**Q** 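Okay, handing you the structure first.
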Amino acid sequence: MIAHVDMDCFFVALERLKDPSLKDKPVAVGVDPEIGRSVVTSASYEARKFGVRSAMPMAVAIRRCPELVVVPTDFDLYNHYHFKVKEIFQSFSPMVEMTSIDEGYIDLSGTERLWGGPMETGERIRWVVKQMTQLDCTVGMARTKLTAKIASSEAKPNGLLWIPVETEAYFLAPLPVKVIPGVGATTATLLKSFGLEQVGQIAAAGELLMESTLGTTGRWLWYASMGKYESELLPEWERKSISKETTFRADTTDPQYITAVLHMLTEKVCRRLRKEQKTARTVSVKLRYEDFDTIDRSRTLSQPESRDSSLFSVAKELMFSAITRRVGIRLIGVGLSNLIGSGRQTNLFDEGEWIKGWHRLEAIDKVRSRFGFNAVLAGEAIHLAEKR
DNA sequence: TCTGGGGTCCTAGGACCC
DNA sequence: TCTGGGGTCCTAGGACCC
């Protein structure tokens, strides 16, 4: 038996712990549109009554709900509780997979003698979470991860739903196809064009028809629709990429400004890379024009790298070869992937130089972790930091 | 209405090798 | 002179999730 536990309005709930006066008010977590261009990261149920949804532009949210209280995000707080919640999950079973900051799976197989049946265990999880954190959560229980997740999403907020084995198809049949994680707007529209709007219709279409019309997607959807899609619970996985992006307060075409911001983003991304004792073989840049046209460019190096200077020169080259339109740019970003473990990769050609550079960067990272990121900045980024 | 930031996974085509 | 097929790696773009 798998439990999927989803914290209710996680960010809003935590902001309310910090400031109890936010209770019962329509609250949205995100950046105030006066400060920057933003979207709703998390909305309270009071705000949802007005049609406020996460990912909605904040300006729209405020228009829909003029009383909306906008609270800035505090990821340090959310991360702290993420680990707290994870520990609670792990007290029920060592097989825990956290899939995002506010949710995770617990494999409860073999814990029946300890915690009892599914309903009893589910209630116990909810109770312990509440006692230890003061937070509400919703638990979905089923034989597979996918069904458990759908169960929790149907039971929220502050609920518990158990889908007994062999009843999955009955539970899923009347639900809209969009409840299946992985089915977004595009796939839902595609399915609708085949007359498939409820999960039960996918099941009824049969494996052969699903596969012949939608390929591999159709195949797994058919299994999902019956509650028979199996995926392994993975207690730990390694991060596959590190990225940093930013949306400018106003669109720009200024190459010097773009270079300075790109440099700052690269430094931040490299710092994380070294912190995780890794090197990267692939550098990517991303840019978004004012009309939302988004371009990605990447290059894979023959040798893994972790030095700011090398990675920045690649990023800069990629960025300026990617900018072809003479239109305002609203966002740029840098990413590293193809990550390879152990920071101390040696390079036969300039090992001495490399080690020297690495020690310098280690020293910078130390200063930064004590005095903040801006304590050490390269020439190009200093100018920018002062402007902020 | 005017759209964040951090990720993962998939697909399709081209280069290249055997 | 015109033509294989399989495998791997890389790149760009897109769908999706929280």
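Chain A is the first sequence line, chain B the second, and so forth, proteins listed ahead of strands; every chain is numbered from 1. None of the values given here were measured: they were computed from a predicted structure.
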**Q** Between dC18(C), dG4(B), dA12(C), which nucleotide has the shortest distance from any of its atoms to the side chain of Arg330(A)?
**A** dG4(B)

**Q** Suppose you measure atom C1' in dC16(C) against the same atom in dG4(B); what distance do you get, rounded to whole Å?
**A** 16 Å

**Q** For Ile62(A) and dC2(B), give me the distance from atom CD1 to atom C1', rounded to whole Å.
**A** 13 Å

**Q** Side chain of Thr41(A) only, heavy atoms from C-beta on: which candidate in dC10(C), dG6(B), dG4(B) is closest?
**A** dG4(B)

**Q** Touch check for Arg63(A), heavy atoms < 4.0 angstrom, all strands: base, sugar-phosphate only, or nothing?
**A** sugar-phosphate

**Q** Using atom CZ of Phe10(A) as one end and atom C1' of dC18(C) as the other, report the distance to the nearest whole Å.
**A** 12 Å

**Q** Would you mind telling me which residue lines up with the more 5' stretch of DNA chain B, Leu331(A) or Ala59(A), judged by nearest nucleotide?
**A** Ala59(A)

**Q** Assign Lys149(A) to base, sugar-phosphate, or nothing according to its heavy-atom contacts below 4.0 angstrom with the strands shown.
**A** sugar-phosphate

**Q** Distance from Leu233(A) atom CG to Met95(A) atom CE, nearest 0.5 Å?
**A** 5.0 Å

**Q** Contact class for Ala185(A) (heavy atom, under 4.0 Å): base, sugar-phosphate, or nothing?
**A** sugar-phosphate

**Q** Using a heavy-atom cut-off of 4.0 Å across all strands, would you classify Val40(A) as base, sugar-phosphate, or nothing?
**A** nothing

**Q** Any Lys/Arg nitrogen of Glu305(A) or Arg281(A) sitting under 4.0 Å from an Asp/Glu carboxylate oxygen of the other?
**A** no

**Q** Pairing check on dC18(C): which nucleotide meets the Watson-Crick or G-U wobble criteria with it, both distances under 3.5 Å?
**A** dG5(B)

**Q** Between C1' on dG4(B) and CZ on Phe11(A), what's the gap in Å once rounded to a whole number?
**A** 12 Å

**Q** When you check the phosphate oxygens OP1 and OP2 of dG13(C), does a side-chain N or O of Arg297(A) lie under 4.0 Å from one of them?
**A** yes

**Q** For the side chain of Glu245(A), counting heavy atoms from C-beta on, which of dC17(C), dG6(B), dC16(C) is nearest?
**A** dG6(B)

**Q** Side chain of Arg272(A) only, heavy atoms from C-beta on: which candidate in dG6(B), dG4(B), dC10(C) is closest?
**A** dG6(B)

**Q** Measure the spacing between OG of Ser321(A) and CD1 of Ile295(A) and express it to the nearest 0.5 Å.
**A** 11.0 Å

**Q** Starting at CZ of Arg299(A) and ending at C1' of dC9(C), how long is that distance when rounded to a whole Å?
**A** 16 Å

**Q** Look at Thr294(A) and dG13(C) and indicate whether a side-chain polar atom (N or O) is within less than 4.0 Å of OP1 or OP2.
**A** no

**Q** Rounded to the nearest 0.5 Å, how far apart are CG of Leu336(A) and CD of Glu276(A)?
**A** 11.0 Å

**Q** Using whole Å, what does the distance between atom P of nucleotide dA12(C) and atom CG of Asn338(A) come to?
**A** 14 Å

**Q** State whether Thr217(A) places a side-chain N or O below 4.0 Å from either non-bridging phosphate oxygen (OP1 or OP2) of dC10(B).
**A** no

**Q** When you get a sec, tell me which of dC18(C), dA12(C), dG6(B) is the closest nucleotide to the side chain of Ser100(A)?
**A** dC18(C)

**Q** Answer yes or no: is there an ion pair linking Glu230(A) with Arg143(A), defined by an N-O contact shorter than 4.0 Å?
**A** yes

**Q** Please work out if Ile242(A) contacts a base, only the sugar-phosphate, or nothing of the nucleic acid, heavy-atom cut-off 4.0 Å.
**A** sugar-phosphate

**Q** For the ring pair Phe10(A) and Tyr81(A), is the centre-to-centre distance below 6.0 Å?
**A** no

**Q** From the list dG4(B), dC2(B), dG5(B), which nucleotide is the closest neighbour of the side chain of Phe292(A)?
**A** dG4(B)

**Q** Without decimals, in angstroms, what is the distance between Arg53(A) CZ and dT3(B) C1'?
**A** 17 Å

**Q** Can you check the distance between dC18(C) and dC2(B), where both ends of the measurement are the P atom (answer in whole Å)?
**A** 26 Å

**Q** At under 4.0 Å, does any side-chain N or O of Thr99(A) touch on OP1 or OP2 of dC17(C)?
**A** no

**Q** Quick check for you: among dG13(C), dT3(B), dC9(B), whose closest atom lies nearest to any side-chain atom of Ile295(A)?
**A** dG13(C)

**Q** Choosing from dC17(C), dC2(B), dT11(B), which nucleotide comes nearest the side chain of Thr216(A)?
**A** dT11(B)

**Q** Is the phosphate of dC9(C) approached by Arg281(A) (side-chain N or O, under 4.0 Å from OP1 or OP2)?
**A** no

**Q** Establish, with yes or no, whether the OP1 or OP2 oxygen of dC16(C) is under 4.0 angstrom from a side-chain nitrogen or oxygen of Thr187(A).
**A** yes

**Q** Can you tell me if Thr247(A) touches the phosphate of dT3(B), counting only side-chain N or O atoms and a distance under 4.0 Å to OP1 or OP2?
**A** no

**Q** Could you tell me the separation between the NZ atom of Lys240(A) and the P atom of dG7(B), rounded to a whole number of Å?
**A** 13 Å

**Q** In whole Å, I'd like the distance from the CG atom of Asp296(A) to the P atom of dG7(B).
**A** 14 Å

**Q** Looking at the side chain of Arg288(A), which of dA15(C), dG6(B), dG4(B) is the nearest nucleotide?
**A** dG4(B)

**Q** Give me the atom names and distance for the closest heavy-atom approach of Trp220(A) to Pro181(A).
**A** CH2-O, 3.5 Å

**Q** Using the six-membered ring of Tyr223(A), assess whether NZ or CZ of Lys228(A) lies under 6.0 Å from its centre and within 45 degrees of the ring axis.
**A** no

**Q** Return the nearest nucleotide to the side chain of Ser243(A); candidates are dG4(B), dG5(B), dG7(B).
**A** dG7(B)

